[in-house]
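Hydrogens, waters and symmetry mates play no part in the numbers below; they use all other heavy atoms, side chains included. When a ligand or atom number is given, it counts from 1 through the structure's own listing order.
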Amino acid sequence: MSGNNYQLVCGLEIHSELKTKSKMFCACKNDPFAAGKPNIHTCPVCLGMPGGLPLANKKAIEWTIKIGLALNCQINLFSKFDRKNYFYPDLPKGYQISQHDIPFCHDGFLDTSQGRVRIQRIHLEEDTAKLIHQNNYTLIDFNRSGVPLVEIVTETDIKNAQQAKEYAQKLRQILRYLDVADCDMEKGGMRLEANISLKKKTDPDGFLPNYKVECKNINSFRFMEMAINYEMERQAKLLDQGQTPKQETRGFSAESGKTFSQRAKEEAEDYRYFPDPDLPPIEFEPAEIAQIKQELVELPDQYAARLSEEHQLSLDLAQRLVKNKKRAEFFEQLLILAKREKIESKKIINTLLNKKIDYHLSDDPKNTIEEYKKLNELEEMSPEIITELIKELLQENQDVVEKYQSGKTEVLAFLIGQSMKKIAKKVDVNLVKKVLLDQLNN
Ligand code: ZN
Ligand code: MN
């Protein structure tokens with residue numbers, strides 16, 4: 001038996017911190033990574049002191065809806081915040097303010113090259129404080145406590161590790177295009193979680209296995225890919241032996257490339273959700289949602305499709321130009337200028353992507369076009385033509401040639417200068433010198 005008998009059943013839960021100016025439920029600065037010291041952006045609300053009253057951050061709510069619209073979601077016009085009760089030192093209130101049964105967004109999708117991934121829900125919650133484990137003790141930094149955190153949950157549509165990676169990368173790209181999150185994976189600004197199980201290939205579509213392994217807090221796309229592949233192998237072995245993999249939470253070790261058991265999760269946890277009595281429900285008018293939709297920027301897939309059509313580029317090539325918004329805007333400006341100058345779009349793009357011209361996204365595309373033109377002239381002037389022109393020049397300057405041949409080699413500089421003038425195009429001076437020497441010395 002082998003893993004080939006099984007089909008991956010996988011959904012992702014991705015948390016991303018929003019980069020609003022202030023935190024989710026208080027006026028403290030939202031700056032968990034650049035804060036000079038621990039525990040400086042804090043107040044009674046985000047420290048979880050009794051009596052602290054939360055006030056919801058409007059911008060964070062609008063951004064969550066914006067994310068939902070970008071991911072083709074339905075938006076709940078009526079929504080609310082709930083308390084998710086659990087005990088852990090990074091959460092001194094004893095509960096996290098989250099959303100339970102009425103998230104802001106639901107039923108969306110994101111298309112990957114391997115098919116559509118349906119999005120079940122997107123909700124908004126607060127991040128917890130950060131625990132820093134040292135030797136025998138643990139430190140707590142509350143700068144992160146109360147930072148707005150969106151959670152984007154997919155259906156179990158992911159068919160392999162590669163697709164999981166593509167989905168997560170596209171999601172990050174969209175969040176960055178929307179300019180609502182930095183998604184710094186290394187610092188924990190974006191955290192990946194994969195729910196992984198296997199079914200038999202003969203099981204029907206939509207069949208859900210009777211167990212699920214959660215791989216949590218993965219901080220790189222590659223690690224997630226590795227974790228899923230490792231789990232597929234591990235679970236297939238167990239299933240082949242007639243066992244059911246344990247329902248548990250597992251971590252991923254980058255050193256070993258393996259997942260490891262963290263805690264058993266035999267029953268669903270009981271968070272005793274209930275509506276937060278300190279926060280009123282949130283209601284939107286359809287016109288307000290329409291307004292947010294109108295403010296949506298052009299997203300990477302649409303951007304690539306448009307560039308491809310307007311500038312006769314293959315979709316693949318166009319996709320490479322829109323990896324981030326700044327890059328897309330640079331290349332679009334460049335393509336518009338190229339069109340005006342009747343430069344072939346595919347040619348100039350390939351020249352740049354092959355790094356034949358040194359360019360930066362902060363450059364003025366006009367200068368890049370000039371660079372391209374120079375390079376092209378350089379290439380258009382063939383060595384044969386250069387040789388012809390230099391032969392002519394030497395014939396016109398027999399006296400100088402004689403001087404050179406009688407040992408006055410310093411006239412070479414003069415001849416190079418004259419050659420460049422005669423060629424009258426920007427050519428490689430070393431090539432000119434070489435041709436000159438060949439002619440003079442034969
Ligand atoms: Zn605060
Ligand atoms: Mn969450």
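Note on Glu151: its N/O/S atom closest to the Mn ion (ligand 2) is OE1. Residue Glu125 approaches the Mn ion (ligand 2) most closely through its N/O/S atom OE2.
For the pair Lys93 and Tyr95, the cation-pi criterion (under 6.0 Å, within 45° of the ring axis) is fulfilled. Cation-pi check for Arg306 over Tyr303 is met; the charged atom lies under 6.0 angstrom from the ring centroid and within 45 degrees of its normal.
Taking the Zn ion (ligand 1) as the corner point, the angle from Cys28 atom SG to Cys26 atom SG is about 110° (rounded to 10 degrees).
Checked against the 6.0 Å centroid criterion, the rings of Phe252 and Tyr230 do not qualify as a close aromatic pair.
Using a cut-off of 2.8 Å, one finds that His15 contributes an N/O/S atom close to the Mn ion (ligand 2).
Gln262 and Thr249 share no donor-acceptor pair across their side chains, judged by distance under 3.5 Å alone.
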